[in-house]
Trainee: 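Below: one structure in structure tokens.
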Amino acid sequence: MSDLFELEWSTDRQMGSIQVHRNSLYGESGSTVRKFFRETGELQWETTPEHGREDNLIQSVQPTESVVCVLERSDPDTDEPVRLFGVDPRDGAELWYLEGEFAQWFTSSNPFAASDQYAAFAQQNTDNSTTNIWTVDIRTGERLSKTTIDEDDEDTDIRFVRTVLIHGEKLLLFGNKVEVRDVATGSVLSTTELDLSHALIDGDWIYAGGSSVAKLSIDGLEPSWRTEVPSRTTAIPAVSDEQNKLVVGTKTGVRCFDTSTGDAEWEYRTAGEVSDYDGGVELVDGVVWVFDDAGHLSVIDLGSGDPIYDEQQKSNSDNPSDMIASGSKLYLSLADSSDRPQTEIPRGTSAMSITME
């Protein structure tokens with residue numbers, strides 16, 4: 001790896017999922033939230049929310065301009081409810097907290113999003129029977145709406161939620177169907193009969209994958225194109241506007257599509273399933289970065305689909321990993337493992353910033 005990429009900094013502080021906002025890098029580890037200087041890796045602050053439960057897990061962190069939104073999972077051992085915290089990005093002090101309900105929900109699923117005004121998350125029971133969808137005003141911590149989707153309700157169009165996005169005053173839910181709701185009231189505005197479970201917003205378009213891959217208009221959800229895929233997508237897609245390419249993770253690897261036409265361009269088979277829990281897919285300067293659930297890190301040329309690097313970094317998916325790209329840098333979080341890897345990436349490093357030469 002050192003022959004291909006420059007390692008700018010590393011830290012031995014454990015990190016799970018990571019997010020970038022302006023000049024800072026945010027992440028979680030156990031019940032702790034951490035903020036780092038993005039350029040140097042220097043720790044700015046770390047905090048455990050005042051109303052957080054001891055030894056419980058932070059599920060995800062979503063930073064905004066005025067509030068860092070922190071989602072704590074339901075505690076399966078004590079039947080404790082899910083909690084959402086707002087902490088001050090300046091010092092990590094808790095500003096407010098919202099207590100939801102208990103549910104045995106997926107710990108590997110993060111249907112959670114935040115904007116400068118709202119936060120929303122979907123809390124799904126492990127038996128898929130019901131899903132609670134919460135929306136919150138992040139300026140006050142006030143709950144705006146709570147909607148329960150019941151699998152047995154014949155009037156409900158959407159059965160499960162895998163991705164939550166916020167666009168203006170709209171809440172977009174992606175699962176077995178695509179549903180648009182009013183973010184403040186939770187009322188349904190429209191439904192699209194497409195099985196698309198992983199999505200992102202890029203300008204005026206939504207790129208999404210599920211049983212197919214599609215490009216939808218942000219306003220009317222009208223498909224610009226839709227392409228069937230032999231293997232279901234399993235991770236949030238990544239887009240390169242410069243090269244007009246869309247890359248999606250699947251159960252068998254990654255696939256690349258032309259963003260203008262939806263034509264498939266290449267496929268790369270990975271050692272395991274590509275999921276957001278294990279790292280997912282990111283693009284940096286014409287290079288695709290992929291972490292799969294077999295612990296392999298694959299680096300692929302975006303134009304050709306040819307491998308640049310592919311080695312195992314950890315033994316399995318017991319410990320999660322995460323990646324996020326920002327500009328020409330990739331921030332990579334590796335959970336420590338007792339097994340030595342097959343490569344020379346230092347173990348125990350958690351937030352590594354790698355820049356392309």
Side-chain angles (χ1 to χ4, degrees), residues 1 4-5 108-109 162-163 174-176 178 194-202 205-216 223-314 316-317 320-325 330 332 341-343 345 354 356:
M1 288 288 288
L4 298 173
F5 309 102
S108 61
S109 177
R162 288 290 183 269
T163 301
F174 295 83
N176 63 305
V178 183
L194 292 174
D195 178 6
L196 299 171
S197 51
H198 299 85
L200 64 79
I201 296 174
D202 183 64
W205 299 98
I206 298 170
Y207 294 95
S211 59
S212 62
V213 177
K215 178 181 180 181
L216 313 174
S224 170
W225 53 258
R226 187 169 72 92
T227 303
E228 297 291 338
V229 289
S231 177
R232 187 178 185 86
T233 68
T234 51
I236 301 295
V239 178
S240 170
D241 294 322
E242 294 77 13
Q243 295 184 247
N244 295 321
K245 296 187 188 301
L246 170 71
V247 178
V248 299
T250 72
K251 290 182 175 295
T252 58
V254 288
R255 288 177 174 267
C256 180
F257 300 85
D258 186 300
T259 57
S260 299
T261 64
D263 292 339
E265 298 199 345
W266 53 260
E267 177 187 9
Y268 184 86
R269 291 296 185 105
T270 54
E273 178 179 316
V274 178
S275 72
D276 295 316
Y277 179 74
D278 295 292
V281 179
E282 290 289 348
L283 300 180
V284 181
D285 291 347
V287 175
V288 184
W289 293 74
V290 183
F291 230 137
D292 63 38
D293 68 358
H296 279 249
L297 176 65
S298 304
V299 185
I300 308 161
D301 183 273
L302 176 59
S304 64
D306 294 332
I308 299 172
Y309 175 90
D310 194 334
E311 293 288 347
Q312 188 178 30
Q313 304 303 313
K314 57 180 184 175
N316 51 44
S317 62
S321 305
D322 201 13
M323 297 186 296
I324 189 165
L330 179 80
L332 172 63
Q342 299 174 2
T343 69
I345 278 189
I354 301 177
M356 295 290 297

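This one's a predicted model, so the numbers in the text were calculated from it and none came from an experiment. These values consider heavy atoms only, across backbone and side chains, with no hydrogens, waters or symmetry-generated copies.
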Trainee: As a test of understanding, state which of V299, D310, V274, L297 forms a side chain to side chain contact (heavy atoms under 4.5 Å, CB included) with V290.
Mentor: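 When side chain to side chain contact (heavy atoms under 4.5 Å, CB included) is applied between V290 and each of V299, D310, V274, L297, only V274 qualifies.
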
Trainee: For a quick test of reading the model, state the closest non-hydrogen atom pair linking L283 to A238 and the distance between them.
Mentor: CG-CB, 3.7 Å

Trainee: Would you name the heavy atoms of N244 and D241 that are closest together and state the gap between them?
Mentor: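 Looking at all heavy atoms of both residues, the shortest contact is OD1-O, 3.3 Å.
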
Trainee: Give, for atom CG of L302 and atom CD of Q243, the distance between the pair rounded to the nearest 0.5 Å.
Mentor: 4.5 Å

Trainee: Side chains of M323 and L330: does their closest heavy-atom pair fall under 4.5 Å?
Mentor: yes

Trainee: Apply side-chain contact (heavy atoms from CB on, under 4.5 Å) to S212 and list each qualifying residue two or more places apart in sequence or on a separate chain.
Mentor: L196, R226, E228

Trainee: Rounded to the nearest 0.5 Å, how far does NZ of K215 lie from CG of L246?
Mentor: 9.5 Å

Trainee: Of the non-hydrogen atoms in W225 and S260, which two are nearest, and what is the gap between them?
Mentor: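 The answer is CD1-O, 3.6 Å.
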
Trainee: Is the shortest heavy-atom distance from the side chain of W205 to the side chain of T259 under 4.5 Å?
Mentor: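 Counting from C-beta outward, W205 and T259 never come under 4.5 Å.
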
Trainee: What is the distance from atom CZ of R232 to atom OG1 of T250, rounded to the nearest 0.5 Å?
Mentor: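 Going from CZ on R232 over to OG1 on T250, the span is 12.0 Å.
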
Trainee: Any heavy-atom pair between the side chains of E273 and S231 that's under 4.5 Å?
Mentor: no

Trainee: Quick one: does Y207's side chain get under 4.5 Å of V213's, heavy atoms only?
Mentor: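 Side chain of Y207 against side chain of V213, heavy atoms only: no contact under 4.5 Å found.
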
Trainee: Give, for atom CH2 of W266 and atom CG of D301, the distance between the pair rounded to the nearest 0.5 Å.
Mentor: 8.0 Å

Trainee: Has D293 got a side-chain atom pairing as donor or acceptor with S275's backbone, closer than 3.5 angstrom?
Mentor: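 Here the side-chain-to-backbone pair does not exist.
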
Trainee: Say you draw a straight line from CG of D276 to OG1 of T234; how long is it, rounded to the nearest 0.5 Å?
Mentor: 8.0 Å

Trainee: About how many Å separate CG of L216 and CG of L194, when rounded to the nearest 0.5 Å?
Mentor: 6.5 Å

Trainee: So which atom in A208 and which in A199 form the shortest heavy-atom distance, rounded to 0.1 Å?
Mentor: CB-CB, 3.7 Å

Trainee: Of V239, D263, V248, V247, which is the lone residue that meets side chain to side chain contact (heavy atoms under 4.5 Å, CB included) with F257?
Mentor: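 The single option meeting the side chain to side chain contact (heavy atoms under 4.5 Å, CB included) with F257 is V248.
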
Trainee: Just to verify, which of V254, T252, D306 counts as forming a side chain to side chain contact (heavy atoms under 4.5 Å, CB included) with Y268?
Mentor: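 When V254, T252, D306 are each tested with Y268, the side chain to side chain contact (heavy atoms under 4.5 Å, CB included) holds only for V254.
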
Trainee: Is the side chain of T227 donor-acceptor paired with the backbone N or O of G262 at a distance under 3.5 Å, no angle test?
Mentor: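 It does hold such a pair.
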
